[in-house]
Amino acid sequence: MLVYPSSNDLSSRTLRFLTERLTARRQEIGTRWRRLTAGRQALLALARLRCGDTYARLAAGSGIGIATAYRYIREAVDVLATLAPTLAEAMRIARTKAFVILDGTLLPIDRIAAEAPYYSGKHKRHGMNIQVLTDPFGRLSWASPALPGSTHDLTAARTHGIVEALTDAHLKCRADKAYQGAGGSIRVPFRGRRLKRWQRCHNSTHAKIRCLGEQAMATLKGWRLLRKLRCSTNRITAIVQAVLVLHHASA
């Protein structure tokens, strides 16, 4: 098999961060020897998450078996996922901000048409629903666990307790029309065609604020693995949390 060099646009600080966590993990479980060092394992996991390389390609480049590459990457993802902030922790940090932006996105998955719970009628494709909170500057703060793609954004926000958490924290939130009726501190644009002038001005200002939240979506989609997930749906939450932790580590 031919092996070729590749590149990764992540910083060396991100690599050191993950290497330190994997080293601590090995010491915790008492690992004596492995085919790859903690640094090489970290590089393997980053290549998978950032570039979306297949297990076969990563295994060939590292000189290990496909099953070994899978175990190494899964371990790294799980280690990172445990470091992801909870909603309560995100609320404590967000209290220092003027407001937050709430938005939802669909992470595409490879599922057949018969699996209706994962099909999003809005996006016309199969996927998993992820809710994201960002600060006023569009920086990613928190990402929710994954729900089937057929779940409406408002239903997802209520399921994760986002509406109640924002209300309890007395924190203002900007969201799109999908969250109409959420109540609490969530503010959405006015709906309808015949709006008054002040309502149209409000919607324009609201859109300018909310568009900053799209930066967080671009941040997530910058990790190519999330552009088309080919794994068990039970693993997607851990993958998203791992990406969130790495994003904060590299910021």
Exercise for the section: Is it possible for you to say whether L140 and L102 belong to one hydrophobic cluster, with membership spreading through side-chain heavy-atom contacts below 4.5 Å? Expected result: no

Practice task
Report yes if the side chains of C231 and I239 come closer than 4.5 Å at any heavy-atom pair, otherwise no.
Solution key: yes

Exercise for the section: May I have the step-by-step check of side-chain contact (heavy atoms from CB on, under 4.5 Å) for V245 and F17, ending in yes or no? Expected result: CA-CA 10 Å; V245 172; F17 171 81; 3.7 Å; yes

Fill in the blank from the handout: In this structure, CG of L87 is separated from CZ of R92 (nearest 0.5 Å) by 10.5 Å

Practice task
For N203 and F190, indicate whether the former's side chain and the latter's backbone hold a donor-acceptor pair under 3.5 Å.
Solution key: yes

Handout entry: Donor-acceptor contact below 3.5 Å, side chain H206 vs main chain D176
Key = no

Practice task
For atom CZ of R125, decide whether the heavy atoms of other residues, nucleotides or ligands shown that lie under 6.0 angstrom number more than 12.
Solution key: no

Practice task
Measure from the side-chain N and O atoms of K124 to the backbone N and O of G121, and report whether any donor-acceptor pair falls under 3.5 Å.
Solution key: yes

Fill in the blank from the handout: Note: A84 and Q241 closest approach over all heavy atoms is CB-CB, 3.7 Å

Exercise for the section: Supply the atom-to-atom distance S185 OG to F99 CZ, rounded to the nearest 0.5 angstrom. Expected result: 12.5 Å

Handout entry: Pairwise side-chain contact, D103 with R174, heavy-atom cut-off 4.5 Å (strictly under)
Key = no

Completion exercise
Residues A146 and T237: closest non-hydrogen pair is N-OG1, 2.9 Å

Practice task
Measure the CG-CD1 distance between L58 and I73 for me, rounded to the nearest 0.5 Å.
Solution key: 5.0 Å

Problem - Check: I64 and L44 side chains under 4.5 Å, non-hydrogen atoms - result: yes

Problem - Closest approach of I209 to I101 (non-hydrogen atoms, all atoms of both residues) - result: O-CD1, 3.3 Å

Problem - Main-chain N/O of R200 paired to S204 side chain as donor or acceptor, under 3.5 Å - result: no

Handout entry: CZ (R95) with more than 12 external heavy atoms under 6.0 Å
Key = yes

Problem - Co-membership, hydrophobic cluster, residues V132 and I109, 4.5 Å side-chain - result: yes

Problem - Exercise: identify the closest heavy-atom pair between K177 and R191 - result: CD-CG, 4.1 Å

Handout entry: Criterion side-chain contact (heavy atoms from CB on, under 4.5 Å) on L154 and Q180, from CA distance to verdict
Key = CA-CA 8 Å; L154 179 55; Q180 192 83 26; over 6 Å; no

Handout entry: Short side-chain donor-acceptor distance under 3.5 Å, R25 and Q41
Key = no

Completion exercise
In short, G149 meets L106 closest at the heavy-atom pair CA-CD1, 3.7 Å

Handout entry: Test item: R187 side-chain N/O and C173 main-chain N/O as donor-acceptor pair under 3.5 Å
Key = no

Handout entry: Nearest heavy atoms of V163 and A182, plus distance in Å
Key = CG1-O, 3.6 Å

Completion exercise
Exactly one candidate in T86, L133, D168 meets side-chain contact (heavy atoms from CB on, under 4.5 Å) with M91; the answer is L133

Fill in the blank from the handout: Distance col, row L220:CG vs L244:CG, nearest 0.5 angstrom, shows 8.0 Å

Practice task
Consider only side-chain heavy atoms of I, L, V, M, F, W and Y, link residues closer than 4.5 Å, and tell whether L80 and L107 are in one cluster.
Solution key: yes

Exercise for the section: Output the distance between atom OG1 (T105) and atom CE (M217), rounded to the nearest 0.5 Å. Expected result: 5.0 Å

Practice task
May I ask you to test the Q131-D153 pair for a side-chain heavy-atom distance under 4.5 Å?
Solution key: yes

Exercise for the section: Consider only side-chain heavy atoms of I, L, V, M, F, W and Y, link residues closer than 4.5 Å, and tell whether W198 and L195 are in one cluster. Expected result: yes

Handout entry: Expected output: side-chain R35 to main-chain G63 donor-acceptor under 3.5 Å
Key = yes

Problem - Validation row: W223, L225 side chains within 4.5 angstrom (heavy atoms) - result: no

Problem - Short side-chain to backbone donor-acceptor contact, Q199 and K196, under 3.5 Å - result: yes

Practice task
Could you tell me whether a side-chain N or O of T19 sits under 3.5 Å from a main-chain N or O of L15, the two making a donor and an acceptor?
Solution key: yes

Handout entry: T68 vs R71 side-chain heavy atoms within contact, under 4.5 Å
Key = yes

Exercise for the section: Decide side-chain contact (heavy atoms from CB on, under 4.5 Å) for E75 and I29; before the verdict, give the C-alpha distance in whole Å, the side-chain angles of both, and the deciding distance to 0.1 Å. Expected result: CA-CA 12 Å; E75 180 184 41; I29 63 178; 4.0 Å; yes

Practice task
Using atom types as modelled and distance alone, determine if a side-chain donor or acceptor of S62 lies under 3.5 Å from a backbone N or O of A59.
Solution key: no

Problem - Short side-chain to backbone donor-acceptor contact, H160 and A143, under 3.5 Å - result: no

Exercise for the section: Decide yes or no for Y179 and I162: does some side-chain heavy atom of the first lie under 4.5 Å from some side-chain heavy atom of the second? Expected result: no

Practice task
Find the distance between OH (Y55) and CZ (R230) and round it off to the nearest 0.5 Å.
Solution key: 12.0 Å

Problem - Sub-4.5 Å side-chain heavy-atom contact between L46 and L246 - result: yes

Practice task
Is it possible for you to say whether W142 and V240 belong to one hydrophobic cluster, with membership spreading through side-chain heavy-atom contacts below 4.5 Å?
Solution key: no

